[in-house]
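First comes the structure, then the notes that go with it.
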Amino acid sequence: MKVATWNVNSIAVRLPQLVEWLKTTRPDVVCLQETKCTDERFPAEPLLELGYQAVTWGQPTYNGVAVLSLHPIVDTRRGFPEAGGDTQCRLLDVVIGPIRVINVYVPNGSEVGSEKFGYKLSWLARLRRYFDESCLADQRLVLCGDFNIAPEPRDVHDPVLWEGRVLFSKPERDALRVIEQWGLVDVFRRHKSEPGLYSWWDYRAGAFRRNHGLRIDHLWATPVLADVSSSAEIDRKVRTLERPSDHAPVIAEFAVAVP
DNA sequence: ATGGTAGATACTCTA
């Protein structure tokens, strides 16, 4: 079972690239972030023609998540369950065949110390609470998406320059660690240990050409599922296309049978 | 050096 996560930065703009990528890559499950598209306007038909059903949770202009699947999607949940819920569309929780998939678009955080940064940290604390209250460690579960955090120095092109900045500050890395310690494994790092492997490059200053990137898009799994993962990779090719997303897809393969 | 680019919406905000 092939599972992928990709921040497309507008489904409307990226649809032609997504269609071509689905045709050639044929993942079983794809988690999308920053669709920037309401559920009514989501382009479900061209994806259905390729065999993909979609569950979406979107809003105009900002945020927005979706899960595409070749197999039936059941038990859909949107956002955190607590009173008040979410005003920003950032979390989808679904069950597909033998696995539970939680797709997140973690807040960017703007700048360390800002109001948005505080929102990011509190959102991450709520995510940990969500796992405590509604997930089980022996479930086959994947948590994937745009986390907007690079976990380690080897995930940053210039860790000295980036230390303390948003996406690589200690409070963010600590908050990420707290979620990991619930009982999740970084599936990408299970298969690839070298530095220089990134999933996001700023549009500005020729960052991609220089490989000035960060690994901020992640695919984590419970140990029972991570133990049967056979490969993981970042698909850099789409970042070389005309008018690309600033993120590249992360893909992992698991040896589980889909009924 | 406080830049630089991209996307959606409205003439600015977010990333």
Side-chain angles (χ1 to χ4, degrees), chain A residues 5-21 31-44 46 56-66 79 86-92 103-124 127 144-151 155-169 171-173 175-176 198-218 234-250:
Chain A
T5 178
W6 189 12
N7 179 324
V8 290
N9 187 17
S10 166
I11 185 78
V13 172
R14 228 63 65 195
L15 183 62
Q17 290 181 17
L18 176 63
V19 164
E20 283 309 303
W21 184 79
C31 294
L32 303 176
Q33 304 86 35
E34 283 206 271
T35 54
K36 300 183 175 179
C37 180
T38 58
D39 296 343
E40 299 74 46
R41 291 186 176 191
F42 192 87
T56 65
W57 194 38
Q59 63 189 98
T61 312
Y62 305 118
N63 314 315
V65 283
D86 290 338
T87 56
Q88 302 182 359
C89 301
R90 297 182 177 278
L91 186 149
L92 268 178
N103 175 21
V104 293
Y105 174 49
V106 175
N108 170 281
S110 187
E111 286 188 46
V112 172
S114 67
E115 190 179 323
K116 289 191 177 69
F117 188 77
Y119 181 73
K120 181 179 195 173
L121 295 181
S122 69
W123 199 92
L124 290 162
L127 183 59
C144 65
D146 177 0
F147 287 63
N148 269 313
I149 301 169
D155 301 314
V156 180
H157 75 89
D158 187 342
V160 173
L161 177 75
W162 276 85
E163 180 63 49
R165 294 192 185 187
V166 76
L167 312 183
F168 192 57
S169 71
E172 292 165 82
R173 283 179 277 143
L176 195 60
Y198 310 128
S199 66
W200 170 81
W201 302 259
D202 199 297
Y203 282 122
R204 299 164 287 190
F208 182 69
R209 184 171 48 78
R210 302 161 195 240
N211 198 27
H212 287 182
L214 276 71
R215 193 176 69 93
I216 58 175
D217 299 87
H218 305 298
I234 297 171
D235 187 355
R236 290 174 54 101
K237 286 193 308 295
V238 292
R239 191 62 173 78
T240 68
L241 300 173
E242 194 105 0
R243 256 191 127 182
S245 168
D246 44 351
H247 297 253
V250 184

**For A:Y203, all residues meeting side-chain hydrogen bond (donor to acceptor under 3.5 Å, both in side chains), sequence neighbours excluded** = A:N9
**Asked** Expressed as a whole number of Å, how far does the P atom of B:dT12 sit from that of B:dT2?
**Response** 23 Å
**Request:** Please state the P separation for the pair B:dA6 and B:dA1 - nearest whole angstrom.
**Result:** 26 Å
**Request:** Between protein and nucleotides 5-15 of chain B, map the contacts as a letter string: B base, S sugar-phosphate only, - none, heavy atoms under 4.0 Å, written 5' to 3'.
**Result:** BSSSS---BSB
**Prompt:** So A:W21 and A:W6, would you call those rings parallel, tilted or perpendicular, with 30° and 60° as cut-offs?
**Reply:** tilted
**Asked** Which residues satisfy the side chain to side chain contact (heavy atoms under 4.5 Å, CB included) test with A:V166, sequence neighbours excluded?
**Response** A:V112, A:F117, A:K120, A:E172
**Euclidean distance for C1', B:dT14 against B:dG4 (whole angstrom)** = 16 Å
**Partner set under side-chain hydrogen bond (donor to acceptor under 3.5 Å, both in side chains) for A:D217, not counting sequence neighbours** = A:S199, A:H247
**Item:** With A:E163 via side chain to side chain contact (heavy atoms under 4.5 Å, CB included) - residues at least two apart
**Value:** A:F168, A:R173
**Message:** Would you measure the distance from the P atom in B:dA15 across to the matching atom in B:dT9 and give it in whole Å?
**Reply:** 15 Å
**Message:** Please enumerate all residues that pass salt bridge (charged side-chain N to carboxylate O under 4.0 Å, His left out) together with A:R215, with sequence neighbours excluded.
**Reply:** A:D155, A:D186
